[in-house]
Amino acid sequence: MPSPILAPRGTYDLLPPASTLRAGLEARMRDVATSFGYGEIRTPIFEATELFERGVGEGTDIVEKEMYTFVDKGERRMTLRPEFTAPVVRAALEHKLFAAGPQRFFYLGPIFRYERPQKGRYRQPHQVGVECYGYSEPEAEVEVIALAWQLVRSHKIADARLQLNSIGDAACRDRYREALLSFLRPLAPTLSEDSQRRLERNPLRVLDSKDPRDGEAVKNAPRMLEHLCDPCREHFGAVRALLDALAIPYDVNPQIVRGLDYYTRTVFEIVSNSLGAQSTVCGGGRYDNLVASLGGPSVPAVGFAMGIERFEMILSAAGAAPEAMRRGVQAIALGVQARARLLPIALRLRERGTAVFMDFADRKIPAQFKLAERNAARAGLILGSDELEKGELVVRDLVERSEVRVAIDDIEGITTALQRMGV
RNA sequence: GUGAUUGUAGCUCAGCUGGUUAGAGCGCCUGACUGUGACUCAGGAGGUCGCCGGUUCGAACCCGGUCAGUCACCCCA
């Protein structure tokens, strides 16, 4: 016997009713982004591999070992998108949108990374995120952060915290890099193997190492925030002042570094301790050089990406997951003839937007009531032989356990009775 | 990629130091109840014990491999 085919490792099937909850969450996310003036952008699920090599950075783990890359029949190197920012920039450049001034986009959908699955980490995770182009002003960061914060706040998530840092621009980061290197080099033998390996290539990564051996060295290491050039320091101060004015709480956390090459100046994360080792639910910041590095004009940019699965995990940990509401109607017919009469009524109700469930298996009344329970129907529409004779049907409130009788063809009367029951 | 741990019915799990036809609860189906959801009672369906191989007279149990889940490292949303 052939072995059964399973969903690929690190992926999952979203089934009802979880899929209904997901759809509701996505709808609320769209609403929030829309209320900030962002428009939805949908880009292809695969792109030229080179886009990510240039956009995300050749030295990053994502590009080095996590991409789903293939060669198509036209010998083109293609990659399933591992993130959204590079594709969005590509689309904006392709359609010359930057000629029209500032642009605001949000996106929602799956990304693909070949990673070892664990809690809050999948091979096809889903992200919602925004991109704001054309503003070098600190208000841009604050708008994007406020949007992310609104997403979190609108769901009453208690233990989410905003972490903020500045990693400077090309000029002051290079100077800091040198300062950090000359501090860490003498200590190299005391660092973890990973950090020793990373030291020359990306010394900033040593700062957020979890290895206790690195903690000691990092403790006295020079701080980026103290090495910011004047414009960067001023900019960071302005971001903080605006956040304070909006009463958005945050911690300055010098260890926030972000893994992608394109970030400049402000970086931020929203973290929660209900996520295990994957504590970040949202990560973002400013990336003023990305558009130019992909061959476009010099356009400053700010954005974030939020993990939808992780967001759901926080929601359920907070007990904020919405309960499935009782909704719709169970159409209960006894026998083929009654079914034939009830079917068009069900259709009429559905045309009016009422959910109607119906069973065709000739089950008895009690069995059909059980189905109504399983469907979490709010009301029942019962048509048996008695009713058929009298030309009536029973509209039953499944919560109050009360019922009224209405003429079979009186669709208005049925609708009114259902409305009274809150269907 | 590294390490740890788990895999028995649709779900949650039991199954002693390897020993006849593998169990429970919930769920599902049928009936008691010529037409009202719960409860009760009586029946019933459903498992090649993740898969492959090995050891053994004999494997759900021991060994190896493999697939998948989970957790951590790493990385990140």
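Chain letters run A, B, ... following the sequence lines, proteins first and then strands; every chain starts at 1. Quick caveat, the model's predicted, so the values are computed rather than measured. Values below: all heavy atoms of this structure, side chains included; hydrogens, waters and symmetry mates excluded.
Aromatic pair A:F105/A:Y38: centroids not less than 6.0 angstrom apart. In this structure, A:Y262 has its ring center closer than 6.0 angstrom to the ring center of A:Y287.
Out of B:rU36, B:rG37, B:rG35, the shortest distance to the side chain of A:E373 is found at B:rG37. Closest to the side chain of A:T280, out of B:rG35, B:rC73, B:rA77, is B:rA77. Closest to the side chain of A:K119, out of B:rA68, B:rA72, B:rG37, is B:rA72. The listed nucleotides are B:rG3, B:rU30, B:rG35; the one nearest the side chain of A:R116 is B:rG3. Picking from B:rG37, B:rU36, B:rC73 the nucleotide with the shortest atom distance to the side chain of A:Q118 gives B:rC73. Taking every side-chain heavy atom of A:Y122 into account, B:rA77 is the closest of B:rA77, B:rA38, B:rG35. Checking B:rG1, B:rA77, B:rC74 against every side-chain atom of A:D61, the shortest atom distance belongs to B:rC74.
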- Dot-bracket for RNA chain B, 5' to 3', counting Watson-Crick or G-U wobble pairs under 3.5 Å, with [ ] for crossing pairs and | for inter-strand pairs? (((((((..((((.....[...)))).(((((.......))))).....(((((..]....))))))))))))....
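B:rC62 and B:rU8: their P atoms are spaced 15 Å apart (whole Å). Comparing the C1' positions of B:rU21 and B:rU30 gives a spacing of 26 Å, expressed to the nearest Å. Comparing B:rU55 with B:rG46, their C1' atoms sit 33 Å apart, to the nearest whole Å. A distance of about 14 Å separates the P atoms of B:rC61 and B:rU6, rounded to the whole Å. Distance check on atom C1': B:rA59 versus B:rG53 gives 13 Å, rounded to whole Å.
Looking at heavy-atom distances under 4.0 Å, A:R9 makes contact with sugar-phosphate atoms alone, never a base. Residue contacts shown for A:L398 include a base, since a base heavy atom lies under 4.0 Å away. Residue A:E387 is classed as a base contact, given a heavy-atom separation below 4.0 Å to a base. Residue contacts for A:F311: at a heavy-atom cut-off of 4.0 Å it reaches no nucleic acid atom on any strand shown. Contact annotation for A:D397: base contact, defined as any heavy-atom pair under 4.0 Å involving a base atom. Among the heavy atoms of the strands, none lies under 4.0 Å from A:I111.
In the interface, the side chain of A:E115 is paired with the base of B:rA77 through a donor and an acceptor atom under 3.5 Å apart. In this model, no side-chain donor or acceptor of A:R121 finds a partner on the base of B:rC71 within 3.5 Å.
For the OP1/OP2 pair of B:rU30 and a distance below 4.0 Å, the side-chain nitrogens and oxygens of A:K364 include no atom meeting the criterion.
Across the interface with RNA chain B, nearest-nucleotide mapping of A:V399 and A:T11 shows A:V399 to be the residue nearer the 5′ end.
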- Query: Could you go step by step and tell me if A:R30 and A:E40 meet the salt bridge (charged side-chain N to carboxylate O under 4.0 Å, His left out) rule?
  - Reply: CA-CA 8 Å; A:R30 286 195 163 92; A:E40 181 165 5; 3.0 Å; yes
Solution key, residues 416-423 of chain A side-chain donor-acceptor pairs under 3.5 Å, sequence neighbours excluded:
residue, atom, partner, partner atom, Å
A:T416, OG1, A:E412, O, 2.6

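Within residues 160-167 of chain A, no residue is approached by RNA chain B to less than 4.0 Å at the level of any non-hydrogen atom.
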